[in-house]
Amino acid sequence: MPSHSVSPIAVAVFGASGYAGAELIRLIADHPNFLLRHVSAGRMAGQRLGAVLPAIGKQYADLMLVDGEAAVAEGVQLAFTALPHATAANVVAGLVRQGIRVVDLSADFRHPNLENYQAAYGLVHSQPELLQSAVYGLSEWQREAIAETNLVANPGCYPTSVLLPLLPLLRADAIDVDRIIVDAKSGTSGAGRAPKQSTLFCEVNESLSAYGLPRHRHQWEMEEWAHNLGGGRTIAIPFTPHLVPMTRGMLSTMYLHGEAPQAWHGIIAQQYDNAPFVRVLDEGDLPSTASVSGSNRCDIGIVVRDAHNAVVVSCIDNLIKGAAGQAVQNANIMLGLNEQAGLSAMGVWP
Ligand SMILES: NC(=O)c1ccc[n+]([C@@H]2O[C@H](COP(=O)([O-])OP(=O)(O)OC[C@H]3O[C@@H](n4cnc5c(N)ncnc54)[C@H](OP(=O)(O)O)[C@@H]3O)[C@@H](O)[C@H]2O)c1
């Protein structure tokens, strides 16, 4: 679709009553080219959007949430699927069959290597034939492929925060790939809105905890795409995620070893010189989750420790660059729109 097109693009959001879905609706409402036409939910189907999303303004409050499996509204050209993995796969397949372009936020189409999907999620994939046509939507690295596809697999939040700083260093062969350690932290919205004991207020408040060990499912995704986009080597990315008592935000600290860490700031900064949503801080400065909250930005800081070691820290808003924001960025690229359309908001601070 040419960028000068003026007619609005009718959009559907599947999983509109969840956290990623809510963020999609906020971004779509401000998007100059999108018109929200269809919203779906599971348990909350049958209710008004305004009744289940407390922050929504008047614009779309009266749209009715239809059952997730129901036929999509007529005229829809683009769908975002923000559903649990496994549920998403069948919905996505139905949409693709109808000729609707899809950005899927679940993990179902992120692994061209089916064995990795099965190992990470313990599932047999219900739509394996679609895997080869899906494009992994790490926007800054996959623009050309995204522009050519009908199905984008939006990356996971942890993989986005880790791959953005790591890939330039892998491509430059600058780091020792056997000595990467990643220590990452996420706010509780990363676990979704569906109630579960581990994210109850009393379980997370005043507490910090590691989880997902010995191998969180996002480790498969990071390693598969570090291999695919980082130069083709087999790379181990041991990674420990932590749950932090805050609503949103993700911080990944990477301990890296190599010959000339003084050069790494320049390598990463040069890679993202023209990338509107990746900001490399001045050497020695460190990012914080508060400064990217509400924006589609990834902020990266690099501190050299000694002649062979540096610490690289990246921050994203898990619901925006880690989910809905990157999904809109990918839809913009797929449809030939301005990549920044609907995403120009700065962070919310303080
Ligand atoms: N949260 C994040 O930071 C984040 C980041 C990156 C990717 N993601 C991915 O995005 C997807 C959504 O995550 P989320 O955090 O938004 O989860 P969530 O808050 O739990 O929302 C899930 C949504 O899916 C709907 N749903 C659940 N089961 C369904 C079914 N069987 N049929 C139809 N609809 C169903 C839910 O509707 P009801 O509530 O009405 O049942 C809800 O709207 C997941 O695949 C997740 O891995 C999330």
Side-chain angles (χ1 to χ4, degrees), residues 12-27 38-49 51-53 56 63-72 79-92 94-95 102-111 117 120-121 123 126 136-138 152-163 184-196 198-199 212 216-218 221-222 241 243-244 246-252 289 292-294 296 298 316-330:
V13 174
F14 288 77
S17 54
Y19 287 156
E23 202 60 44
L24 279 163
I25 285 157
R26 191 174 71 85
L27 295 172
H38 179 105
V39 285
S40 92
R43 296 163 304 147
M44 300 191 208
Q47 301 191 57
R48 291 168 53 249
L49 199 53
V52 305
L53 298 184
I56 197 170
L63 266 184
M64 294 301 289
L65 285 157
V66 302
D67 184 277
E69 304 288 321
V72 71
F80 295 97
T81 43
L83 299 164
H85 61 270
T87 303
N90 294 330
V91 173
V92 168
L95 292 165
V102 180
V103 180
D104 177 38
L105 281 76
S106 86
D108 284 346
F109 298 98
R110 293 179 195 156
H111 292 279
Y117 178 80
Y121 292 90
L123 290 170
S126 64
Y136 187 67
L138 190 64
V152 173
N154 218 54
C157 41
Y158 284 120
T160 296
S161 72
V162 169
L163 289 170
K185 320 251 177 341
S186 174
T188 58
S189 61
R193 193 180 190 186
K196 35 191 123 31
S198 58
T199 54
H216 185 277
R217 53 200 186 191
H218 281 174
E221 185 181 331
M222 289 178 203
L243 194 61
V244 180
M246 60 187 190
T247 300
R248 55 167 83 202
M250 175 163 284
L251 181 146
S252 294
T289 57
V292 295
S293 192
N296 191 45
C298 175
I316 59 172
D317 184 324
N318 58 292
L319 289 175
I320 307 191
K321 186 59 175 165
Q326 184 154 234
V328 169
Q329 189 180 351
N330 287 330

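FYI, side chains are in, hydrogens and waters are out, and symmetry mates aren't considered; it's all heavy atoms of this structure. Everything numeric in this text was worked out from a predicted model, so none of it was measured. For ligands, and for the atoms within them, numbers begin at 1 and follow the listed sequence.
- One distance of note links CG of Leu53 with CG of Leu63; it measures 10.5 Å at 0.5 Å rounding.
- With a 4.0 Å cut-off on non-hydrogen atoms, Thr87 touches ligand 1 through its side chain and not its backbone.
- Within the 4.5 Å cutoff, no side-chain heavy atoms of Tyr121 are placed close to those of Asp108.
- Polar contact with ligand 1: absent for Pro84 (N/O pair, distance under 3.5 Å).
- Within ligand 1, the atoms closer than 4.0 Å to a non-hydrogen atom of Ala323 are 5 (C), 6 (C), numbered from 1 in the order shown.
- A donor-acceptor pair shorter than 3.5 Å can be found between the side chains of Glu221 and Tyr136.
- At a 3.5 angstrom cut-off on N or O pairs, Gly21 does not count as close to ligand 1.
- Other residues, nucleotides and ligands contribute over 12 non-hydrogen atoms within 6.0 Å of the CD atom of Gln47.
- The shortest N/O to N/O separation between Ser40 and ligand 1 does not fall below 3.5 Å.
- Backbone and side-chain nitrogen or oxygen atoms of Arg110 are examined, and none is located within less than 3.5 angstrom of a nitrogen or oxygen of ligand 1.
- Every N/O-N/O distance between Glu69 and ligand 1 stays at or above 3.5 Å.
- Annotation: Ala45 places no N or O atom under 3.5 Å from an N or O atom of ligand 1; distance criterion only.
- Among the candidates Ser186, Pro155, Ser252, the single residue satisfying the side chain to side chain contact (heavy atoms under 4.5 Å, CB included) test with Ser161 is Ser252.
- Annotation: Ala20 places an N or O atom under 3.5 Å from an N or O atom of ligand 1; distance criterion only.
- Across the listed options Ala16, Ala194, Gly42, Ala191, Gly42 owns the non-hydrogen atom lying nearest to atom 33 (C) of ligand 1.
- Geometrically, ligand 1 and Gly15 share a nitrogen or oxygen pair separated by less than 3.5 Å.
- For atom 47 (O) of ligand 1, the protein comes within 4.0 Å by no heavy atom at all.
- Shown here, atom 12 (C) of ligand 1 is in close reach of the protein: a heavy atom of it lies under 4.0 Å off.
- Residue nearest to atom 43 (O) of ligand 1, selected from Gly187, Ser17, Ala86, Gly46: Ser17 (by heavy-atom distance).
- With respect to Ser189, the side chain to side chain donor-acceptor pair (under 3.5 Å) criterion is satisfied by exactly one of Asn318, Thr199, Thr247: Asn318.
- Every N/O-N/O distance between Gly156 and ligand 1 stays at or above 3.5 Å.
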